[in-house]
Amino acid sequence: MTVQRRVILDELVRRKDHPTADQIYDSVRDRLPEISRTTVYRVLDTFVKVGAIQKVLHPGAVARFDPIRERHHHLICERCGELFDLRAEAVPDVALPTLADGFLIEDYTINFSGICSGCRTC
């Protein structure tokens, strides 16, 4: 594990939000002033490929990263764009078909969209 990987992983685990790659880059530059944005993107992609973190995608928004590897779902606020974790137990299990039109399904996550409590009070 390189110094850059350790610092990026520590930053991800420390945070309680779902940061973008640019937010991670901005956060780690204080500790690693020589780090490049490209390095941060490359390290995050590597972590996703090896299963250390998850990439959270939803239409119309930039990718965010999540260090929680256990199955869980996300609540996405349509106004502010914040992502919130929703434990898998809150959603009944979904029966996965083994094959769907020739596509082998291996896992799933569910994103719920709506308005968060902070935006509802504004």
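For clarity, every value in this text was computed on a predicted model and none was experimentally measured. Hydrogens, waters and symmetry mates play no part in the numbers below; they use all other heavy atoms, side chains included. Residue numbers count from 1 along this sequence.
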**Student:** Do Leu32 and Val13 sit in one hydrophobic cluster, given that two such residues count as connected whenever their side-chain heavy atoms are within less than 4.5 Å of each other, even indirectly?
**Tutor:** yes
**Student:** Looking only at side-chain N and O atoms, does Arg15 offer a donor or acceptor that is under 3.5 Å from a partner on Ser27?
**Tutor:** yes
**Student:** Aromatic contact between His58 and His74, with the criterion being ring centroids under 6.0 Å apart: yes or no?
**Tutor:** no
**Student:** Distance-only, no hydrogens or angles: does the Arg64 side chain make a donor-acceptor pair with backbone N or O of His18 under 3.5 Å?
**Tutor:** yes
**Student:** Looking only at heavy atoms, which two atoms of Leu12 and Pro67 are closest? And how far apart?
**Tutor:** O-CG, 3.5 Å
**Student:** Give the minimum heavy-atom separation between Cys80 and Cys116, together with the two atoms involved.
**Tutor:** SG-SG, 3.9 Å
**Student:** Would you check if His72 and Thr109 make a side-chain contact, meaning some heavy-atom pair closer than 4.5 Å?
**Tutor:** no
**Student:** Do Thr39 and Gln4 have a side chain donor and acceptor closer than 3.5 Å?
**Tutor:** no
**Student:** Do Phe65 and Thr20 come close enough that some side-chain heavy atom pair is under 4.5 Å?
**Tutor:** no
**Student:** Examine Leu86 and Leu83 and state if one hydrophobic cluster contains both, with Ile, Leu, Val, Met, Phe, Trp and Tyr joined whenever side-chain heavy atoms are less than 4.5 Å apart.
**Tutor:** no
**Student:** Before accepting this row, confirm whether a basic side-chain N of the pair Asp10/Arg6 lies closer than 4.0 Å to the acidic partner's carboxylate O.
**Tutor:** yes
**Student:** Does Ile8 belong to the same Ile/Leu/Val/Met/Phe/Trp/Tyr cluster as Val50, with side-chain heavy atoms less than 4.5 Å apart forming each link?
**Tutor:** no
**Student:** Ignoring hydrogens and angles, tell me if any N or O in the side chain of Thr46 forms a donor-acceptor pair with the backbone of Arg42 under 3.5 Å.
**Tutor:** yes
**Student:** Hey, any chance Val91 and Leu75 share a hydrophobic cluster, counting ILVMFWY side chains that come within less than 4.5 Å of each other, even indirectly?
**Tutor:** yes
**Student:** How long is the gap from OG on Ser113 to CZ on Arg79, to the nearest 0.5 Å?
**Tutor:** 12.5 Å
**Student:** Any side-chain heavy atom of Lys55 sitting closer than 4.5 Å to one from Asp66?
**Tutor:** no
**Student:** Take Ile53 and Arg69 through the test side chain to side chain contact (heavy atoms under 4.5 Å, CB included) and record every step on the way to the result.
**Tutor:** CA-CA 6 Å; Ile53 64 173; Arg69 294 182 352 201; 5.9 Å; no
**Student:** Donor-acceptor pair, Arg120 side chain versus Ile115 backbone, under 3.5 Å?
**Tutor:** yes
**Student:** Ignoring hydrogens and angles, tell me if any N or O in the side chain of Asp45 forms a donor-acceptor pair with the backbone of Val40 under 3.5 Å.
**Tutor:** no
**Student:** Would Ile35 end up clustered with Tyr41 when hydrophobic side chains under 4.5 Å apart are linked, directly or stepwise?
**Tutor:** no
**Student:** Surrounding CZ of Arg37 (heavy atoms of other residues, nucleotides or ligands, distance under 6.0 Å), is the total greater than 12?
**Tutor:** yes
**Student:** Is there a side-chain contact between Leu9 and Val43 in this structure, where contact means two heavy atoms from C-beta onward sitting under 4.5 Å apart?
**Tutor:** no
**Student:** Using 4.0 Å as the upper bound for N to carboxylate O, is an ion pair formed by Glu11 and Arg31?
**Tutor:** yes
**Student:** Is a donor on one side and an acceptor on the other found under 3.5 Å between the side chain of His73 and the backbone of Ile110?
**Tutor:** yes
